[in-house]
Amino acid sequence: MTTNEAAMQTGSVLVTGGGRGIGAATSLLCAARGWAVAVNYANDAAAAEAVVATIRARGGRAIAVHADVADDAQVNAMFARLDGELPRLAGLVNNAGVIDHAARVDAMTPARLQRMFAINVFGSFFCAREAVRRMTTKATGGDGHRGGAIVNVSSAAAKLGGSGQYVDYAAAKGAIESFTIGLAREVAAEGIRVNAVRPGIIETDIHASGGAPDRARQTAPLVPLQRAGSAEEVAEAIVWLLCDASSYTTGSIVEVTGGR
């Protein structure tokens with residue numbers, strides 16, 4: 001389905017980690033489909049502002065919003081800003097995440113593990129909690145409470161385990177998949193759908209942050225499709241799960257892995 005063929009959406013979408021990689025591609029595609037977009041960032045304000053500038057140049061509506069999703073108070077402040085500056089929240093993409101340098105489990109420090117789960121898992125819980133409060137049809141009064149969709153970004157590592165490299169990251173993403181299924185069943189009767197995408201080897205700078213900038217190129221031969229995927233290909237799956245075209249899909253994990 002092309003952008004012109006897709007039904008235009010209403011309301012706003014928050015994309016955490018929306019300034020780079022999969023988050024940036026998702027922010028741009030959400031805006032093209034009609035949503036107002038909140039582009040969240042923790043450190044790289046310039047990247048988030050660049051995405052916002054591109055959306056506005058194309059006639060869309062967007063704001064950049066700072067928050068470390070691992071900090072509950074910052075998440076609360078971010079959602080309060082969305083309440084005041086954008087239309088009602090219709091979608092949340094829990095994309096913000098971190099990886100670390102390759103290490104065995106017996107070499108992992110408490111600080112590494114705390115950071116890994118605080119951002120990848122707790123951040124998704126904090127943001128989903130605030131989104132549910134604004135989307136649930138069981139709430140009364142105020143603008144909104146008309147349902148919505150949440151999409152969590154997992155990883156093929158959740159299935160493969162990440163042994164010898166990042167079992168902690170794989171375990172965090174495994175938690176996200178369990179969270180997706182549980183939350184989907186919890187809020188299904190409240191007009192909220194919850195799904196996840198499971199990207200495989202994707203060309204983004206997350207590999208560089210883990211000390212392996214060439215990982216996508218080096219591991220491409222392991223993929224049945226014989227190439228790494230793009231951020232835009234993952235964004236297409238995310239946006240499909242957000243929009244009305246997937247209205248009977250909840251509690252699902254959609255693989256975007258090239259068959260791996």
Side-chain angles (χ1 to χ4, degrees), residues 1 6-7 9-18 21-35 37-38 40 69 88-97 120-138 146-160 170-200 202 229-260:
M1 181 180 291
Q9 305 294 313
T10 60
S12 64
V13 170
L14 168 63
V15 182
T16 66
I22 291 170
T26 301
S27 296
L28 293 169
L29 188 55
C30 282
R33 297 288 169 83
W35 285 291
V37 183
N40 160 259
V69 297
R88 71 143 190 129
L89 187 68
L92 165 67
V93 181
N94 273 320
N95 168 73
N120 292 330
V121 181
F122 295 172
S124 294
F125 269 78
F126 294 156
C127 290
R129 178 198 65 209
E130 294 306 309
V132 167
R133 288 173 175 173
R134 288 159 174 79
M135 294 175 181
T136 176
T137 55
K138 287 191 174 180
R146 287 172 252 165
I150 297 171
V151 180
N152 299 318
V153 178
S154 180
S155 168
K159 178 175 67 173
L160 300 174
K173 291 302 187 179
I176 288 300
E177 295 194 1
S178 295
F179 171 53
T180 297
I181 295 166
L183 182 61
R185 293 176 179 177
E186 188 167 287
V187 298
E190 300 173 33
I192 305 171
R193 296 182 301 105
V194 186
N195 294 286
V197 295
R198 184 191 284 162
I202 308 297
S230 70
E232 289 73 19
E233 288 173 310
V234 181
E236 287 284 356
I238 291 171
V239 172
W240 179 75
L241 289 170
L242 284 173
C243 74
D244 297 337
S246 63
S247 57
Y248 199 56
T249 302
T250 197
S252 294
I253 315 294
V254 176
E255 293 207 6
V256 188
T257 63
R260 185 164 182 246

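All figures in this text were calculated on a predicted structure; none of them were measured in a lab. Throughout, numbering of the chain's residues begins at 1 and tracks the sequence.
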R146 side-chain N/O to A90 backbone N/O, donor-acceptor pair under 3.5 Å: no
When every non-hydrogen atom of A184 is compared with those of V194, the smallest separation belongs to CB-O, 3.4 Å
To the nearest 0.5 Å, atom CZ of R134 lies from atom CD1 of I192 at 11.5 Å
### Task
Evaluate the side-chain proximity of L29 to E232: yes if any heavy-atom separation is below 4.5 Å, no if none is.
no
Minimal heavy-atom distance between L242 and C30, with the atoms involved, is CD1-SG, 3.7 Å
Heavy-atom nearest pair, G18 first then S27, reads O-OG, 3.3 Å
Q.
Does this structure show an ion pair linking R33 with E236, if we count only N-O contacts that are shorter than 4.0 Å?
A. yes
Looking only at heavy atoms, the pair that brings T137 and A189 closest together is OG1-O, 4.1 Å
Does S246 use its side chain to pair, donor to acceptor, with the backbone of L241 at less than 3.5 Å?
yes
Between the CZ atom in F122 and the CZ atom in R129, the distance rounded to the nearest 0.5 Å is 12.5 Å
Sorted by chain and number, sequence neighbours left out, side chain to side chain donor-acceptor pair (under 3.5 Å) with T250 holds for none
The reported gap from CG in N94 to CD1 in I176 (rounded to nearest 0.5 angstrom) is 6.5 Å
Those residues at least two apart in sequence (or on a different chain) that pass side chain to side chain donor-acceptor pair (under 3.5 Å) with S252 are none
Closest non-hydrogen contact found for V256 with A237 is CG2-CB, 3.7 Å
Rounding to 0.5 Å, atoms CD1 (I22) and OG (S230) come to a distance of 9.0 Å
The single option from V15, V197, V37 that satisfies side-chain contact (heavy atoms from CB on, under 4.5 Å) with V93 is V15
ask   = Hey, does W240 have a side-chain heavy atom less than 4.5 Å from the side chain of N195?
value = no
So OG of S154 and CG of N120: to nearest 0.5 Å the spacing works out to 10.0 Å
- Check the side chains of N152 and T180 for a donor-acceptor pair under 3.5 angstrom, ignoring hydrogens and angles. yes
In short, salt bridge (charged side-chain N to carboxylate O under 4.0 Å, His left out) pairs touching residues 171-182 with sequence neighbours left out are E177-R198
* Show your reasoning for whether side-chain contact (heavy atoms from CB on, under 4.5 Å) applies to V239 and Q9. => CA-CA 11 Å; V239 172; Q9 305 294 313; over 6 Å; no
OG of S178 to CG of L183, rounded to nearest 0.5 Å, is 12.0 Å
Can any side-chain N or O of N95 pair as donor or acceptor with the backbone N or O of T16 at less than 3.5 Å?
yes
Heavy atoms, side chains only, cut-off 4.5 Å: are V187 and M135 in contact? no
Between V151 and A196, the two heavy atoms sitting closest are CG1-CA, 4.4 Å
